[in-house]
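Report on the structure given below.
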Amino acid sequence: AWLRDQLAGAPDGGTITVPAGLYRGPFLITRPVRLHGSGGAHLIGDGRTHTVAIVAPDVAIDGFEISGSGLDLAQDHAAVHVSERGLLGR
């Protein structure tokens, strides 16, 4: 809930620094933000779809362990699924 609230309230171009911990998704990123995981931040999906779906340009994600995506390649499941240009992954 914390990370979803941060994503919903972040301004365009803002940075969200995520402290160590386990964050259960899936997560949807709808605006240009930087998502920075401090050491030990882990995003985990529900095993049925993408763990993180990005539908905004100019999104940066770094510093996370990401797991738990769905496995249906016909649905293009991925840990991080980008449907907009501009992802900056590290």
Considering non-hydrogen atoms only, spot the tightest contact between [X] and [Y] and give its length.
{"X": "Ala20", "Y": "Ser38", "result": "N-CB, 4.3 Å"}
{"X": "Pro32", "Y": "Pro57", "result": "CB-O, 3.1 Å"}
{"X": "Thr51", "Y": "Gly68", "result": "OG1-C, 3.6 Å"}
{"X": "Val59", "Y": "Arg31", "result": "CG2-O, 3.7 Å"}

Test of understanding: with side chain to side chain donor-acceptor pair (under 3.5 Å), list the residues that count as partners of [X], not counting sequence neighbours.
{"X": "Thr17", "value": "none"}
{"X": "Arg24", "value": "none"}
{"X": "His42", "value": "Ser67"}

Run through the side-chain heavy atoms of Ile, Leu, Val, Met, Phe, Trp and Tyr, join any pair under 4.5 Å, and report what else lands in Ile44's cluster.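 Answer for Ile44: Leu22.
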Kindly write out the residues that satisfy side-chain contact (heavy atoms from CB on, under 4.5 Å) with [X], not counting sequence neighbours, or none if the list is empty.
{"X": "Asp5", "value": "none"}
{"X": "Ala53", "value": "Leu28, His50"}
{"X": "Arg4", "value": "Pro26, Phe27"}

Is there a side chain to side chain contact (heavy atoms under 4.5 Å, CB included) between Val52 and Ile61 once you walk through the steps? CA-CA 10 Å; Val52 180; Ile61 298 177; 4.0 Å; yes
What pairs meet the side chain to side chain donor-acceptor pair (under 3.5 Å) rule with one or both residues in residues 69-80, with sequence neighbours excluded?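 Found Asp76-His81.
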OH of Tyr23 to CG of Leu3: how many Å apart, nearest 0.5 Å?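 Rounded to the nearest 0.5 Å, the OH-CG separation comes out at 7.0 Å.
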Does some side-chain heavy atom of Val33 sit less than 4.5 Å from a side-chain heavy atom of Asp12?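 No, every pair of side-chain atoms sits at 4.5 Å or beyond.
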Within the structure provided, determine whether Pro19 and Trp2 are in side-chain contact (heavy-atom separation under 4.5 Å).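 Answer yes - side chains close enough.
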Sort and list the pairs that fulfil salt bridge (charged side-chain N to carboxylate O under 4.0 Å, His left out) and have at least one residue in residues 40-57, not counting sequence neighbours.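 Salt bridge (charged side-chain N to carboxylate O under 4.0 Å, His left out) check on residues 40-57 returns Asp46-Arg48.
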Where do Val80 and Ile66 land on the side chain to side chain contact (heavy atoms under 4.5 Å, CB included) test, with the steps shown first? CA-CA 8 Å; Val80 178; Ile66 302 174; 3.6 Å; yes
Would Asp58 and Arg34 count as a salt bridge (charged side-chain N to carboxylate O under 4.0 Å, His left out) here? Give the steps. CA-CA 8 Å; Asp58 302 320; Arg34 176 177 181 225; over 6 Å; no
Just do the side chain to side chain contact (heavy atoms under 4.5 Å, CB included) check on Val18 and Leu35 with the steps written out, would you? CA-CA 7 Å; Val18 181; Leu35 198 58; 3.9 Å; yes
